[in-house]
Amino acid sequence: MKPYPVEPFRIKMVEPIRLIPPDERQKAMQTAGYNLFNLRAEDVFIDLLTDSGTGTMSQDQWAAMMTGDESYAGARSYYRLADVMQKIFGFEHFVPTHQGRAAENILTQLLVKPGMYVPSNMHFDTTDGNIRARGGRPTNLVIDEAFDPTNPHPFKGNMDVQKLRTFIEQVGPQNIPFGSITITNNAGGGQPVSLENIRQVAEVYHHYGIPFFIDACRFAENAYFIKQREPGCAHLSTLEIARQIFALADGAWMSAKKDALVNIGGFLAVRDDDLFQRICNELILREGFVTYGGLAGRDLDAMAVGLMEGLDEEYLAYRIGQTAYFADQLKSAGIPIIEPAGGHAIYLDAGRFLPHIPHAEYPGQALAAALYLEGGIRGVEIGSVMFAYPDPDSGEMIYPKLELVRLAIPRRTYTRSHFDYIVEVLKSLTDQRETLRGYRITYAPPLLRHFTARFEPL
Ligand SMILES: *Cc1c(COP(=O)(O)O)cnc(C)c1O
C-alpha cells in the first residue's frame with residue numbers, strides 16, 4: 001500500500017465546502033440537464049472537474065501579489081518574472097499571455113498555413129482546435145503503449161520516434177511549420193515523457209530543419225517523473241532536468257494555471273529574433289503590451305513565485321505521492337482505473353465499471369452523474385459524450401476505445417480525508433452498479449458538445 005505523503009504545508013486560510021442533501025443534488029442535476037458543467041460550484045462538495053487554475057496559492061505568492069507593479073510598460077513584476085523564466089527555461093525571449101490557449105492562438109496564427117501538419121505525442125484539445133482553426137492538421141504520434149489502460153510503461157507519454165520520422169518523410173518537412181511534444185501528456189492521461197525521448201524527438205525535428213516547441217503545462221511534474229524513473233537522472237535536481245529539457249527546444253508555451261500554481265496566466269517563449277518580433281506585434285494586437293500580455297502586474301509576480309514553487313521537490317513528492325496514494329486506494333478497492341497513475345489526475349475506467357451500459361448510452365456520463373448524486377463529487381466524462389462522432393462517409397457513429405471519467409486533482413487543495421471519502425463513495429457505487437442506467441442526449445451542439453449537452457436518464 002502506498003503511504004499518504006504528509007503535506008509539506010499547513011493551512012492558514014479555509015474555504016468552506018458543503019455536501020448538500022441527496023434530494024437537493026437530484027434537483028440540481030435535473031436543472032443542469034444532468035451535465036456537470038452546468039452545476040453551480042456551490043452545489044459541489046469535492047470538485048475534481050479540472051486541475052487548471054483551481055490550485056491554492058502560497059503565502060509567498062499572495063505576498064508577491066501585494067508587490068505587483070501595475071505600470072503599463074516595463075513593470076518591475078515583468079522583470080521579476082523574466083529572471084525566473086531565464087533561470088528555468090533559458091529561452092532568449094518570452095511574452096506573458098493570459099492563458100495557454102492565447103499563446104497557442106498567436107503561435108498557430110503566425111506559423112500554420114492551411115494544409116500544414118503539426119505532429120506531437122498528443123495535442124491537448126485547445127492546441128488541436130487552434131491548429132485546425134488555421135486550416136492545419138494536428139497529428140498525434142504517441143507510442144502504442146499509451147492506448148493500453150494497464151500497460152505499466154514508465155513513460156507512456158513518449159512519442160514514437162520511428163513513426164515521427166516516417167510521418168515527416170511522408171508529408172514533407174516543408175509542410176510542417178513546427179513540431180511539438182506535450183509534457184506531461186494531458187490528453188493521454190497525464191503520462192510523462194522521458195528526457196531521452198525528448199532528446200531523440202528534438203534530434204529528428206532538427207535533422208529536418210523543423211522548429212521544436214514544447215507544450216510545457218506540466219513540465220515540473222514531468223521533471224519529477226524523470227528524476228524518479230529515468231536511469232541516470234536520480235542525482236539531478238528537477239530544476240536541472242527542466243533546464244536540460246528546454247535546452248533541446250526552439251520554443252515553448254505554457255498554461256501557468258497548471259505547474260506554475262496560479263489561477264490565471266501563461267507564456268510563449270522562443271529563441272528566434274524575427275519570430276519574437278512577430279509574436280510581439282500579434283500580442284499587442286490581441287492581448288496587451290509585451291511586458292504584461294493581458295495579465296495584471298500582480299499576476300506576473302504570483303507566476304514568478306509559483307514557477308519556482310512548482311519545481312520544489314518536497315512539493316512534487318507530495319503532489320505525485322497524493323495522486324499515487326489515491327490510485328492505490330482505488331485499485332485495492334477493485335475500482336478499475338488507467339494505470340500507472342499520471343501526475344495530475346486519476347482516470348476511472350467506466351467501460352469496465354459499467355460493462356452493461358453500451359457506448360451509445362454513455363457509461364462515462366452515467367458514472368460521472370452517479371458520483372455527484374451519491375457523493376457530491378464532480379469529475380468529467382472523457383468518452384463517447386466528448387469524442388463520439390459520425391463517420392463523414394457512412395454516417396455511422398464512431399465511438400472512442402475508452403469510456404473514462406477523469407478526476408483531476410487541484411494542487412495543494414484537498415487532503416487525505418477527501419480522497420478517502422471519494423474511495424468510499426466509489427465503493428458504495430460498486431455495490432449498486434447493476435442498478436445504474438445510461439443516459440440519452442436531449443440537446444447537443446455540433447462541436448465540443450460535452451460543455452453544453454443536456455441529458456435524460458434512461
Ligand atoms: C490546459 C492546457 C492547455 C491550454 O491552457 P489554458 O490555460 O486552459 O488555455 C494547453 N495544453 C495543455 C497540455 C493543457 O493542459
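Below, all heavy atoms of this structure are taken into account, side chains as well, without hydrogens, waters or symmetry copies. Indexing begins at 1, ligand by ligand and atom by atom, following the structure's order.
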- prompt: Are Y78 and F94 close enough that their ring centers fall under 6.0 Å?
  reply: yes
Atom pair OG1 (T413) and CD (Q322), whose distance is rounded to the nearest 0.5 Å: 8.5 Å
message: Give me the nearest non-hydrogen protein atom to atom 8 (O) of ligand 1 as residue plus atom name, then the distance to 0.1 Å.
response: R101 NH2, 3.0 Å
- prompt: What do the steps show when you test S77 against D69 for side-chain hydrogen bond (donor to acceptor under 3.5 Å, both in side chains), and what is the final call?
  reply: CA-CA 5 Å; S77 303; D69 176 353; 5.6 Å; no
- prompt: Is the closest N or O pair between T184 and ligand 1 shorter than 3.5 Å?
  reply: no
- prompt: Which heavy atom in Q99 sits nearest to a heavy atom in I264, and how many Å separate them?
  reply: OE1-CD1, 3.8 Å
field: Close N or O approach (S52, ligand 1; < 3.5 Å)
entry: no
query: Is it true that G266 lies under 4.0 Å from ligand 1, counting heavy atoms only?
result: no
task: Answer yes or no: does an N/O atom from Q99 fall short of 3.5 Å to an N/O atom of ligand 1?
output: yes
query: Ring centroid separation for Y439 and Y362, is it under 6.0 angstrom?
result: no
field: Where ligand 1 meets K257 - atom numbers and elements under 4.0 angstrom, heavy-atom basis
entry: 7 (O)
query: Is there a heavy atom of H123 sitting under 4.0 angstrom from any atom of ligand 1?
result: no
- prompt: Going by distance alone, is a donor N or O of one side chain under 3.5 Å from an acceptor N or O of the other, for D60 and S58?
  reply: no
task: Could you point out which residue of R319, R412, R411 forms a salt bridge (charged side-chain N to carboxylate O under 4.0 Å, His left out) with E309?
output: R412
- request: Please determine if T182 has a nitrogen or oxygen closer than 3.5 Å to a nitrogen or oxygen of ligand 1.
  value: no
query: What atoms in ligand 1 come closer than 4.0 Å to a heavy atom of E104?
result: 10 (C), 11 (N)
Nitrogen or oxygen atoms of N186 and ligand 1 under 3.5 Å apart: yes
message: Can you classify the ring geometry of F419 versus Y4 as parallel (below 30°), tilted (30 to 60°) or perpendicular (above 60°)?
response: tilted
message: What's the separation between atom CD in Q200 and atom NE2 in H207, rounded to the nearest 0.5 Å?
response: 14.0 Å
message: For atom 11 (N) of ligand 1, what's the nearest protein heavy-atom neighbour? Residue, atom name and distance, please.
response: D215 OD2, 2.7 Å
- prompt: Which atoms of ligand 1 have any heavy atom of S255 under 4.0 Å away?
  reply: 5 (O), 6 (P), 7 (O)
field: Residue and atom name of the nearest protein heavy atom (relative to atom 3 (C) of ligand 1), distance in Å to one decimal
entry: F124 CD2, 3.3 Å
- prompt: Are side-chain N/O atoms of R137 and Y117 paired as donor and acceptor at under 3.5 Å?
  reply: yes
task: Using a strict cut-off of 4.0 Å, indicate which atoms of ligand 1 neighbour a heavy atom of T126.
output: 3 (C), 4 (C), 10 (C)
- prompt: At a 4.0 Å threshold, what atoms of ligand 1 neighbour a non-hydrogen atom of K258?
  reply: 1 (C), 2 (C), 3 (C), 5 (O), 14 (C), 15 (O)
message: Any nitrogen or oxygen of G100 lying under 3.5 Å from a nitrogen or oxygen in ligand 1? Just yes or no.
response: yes
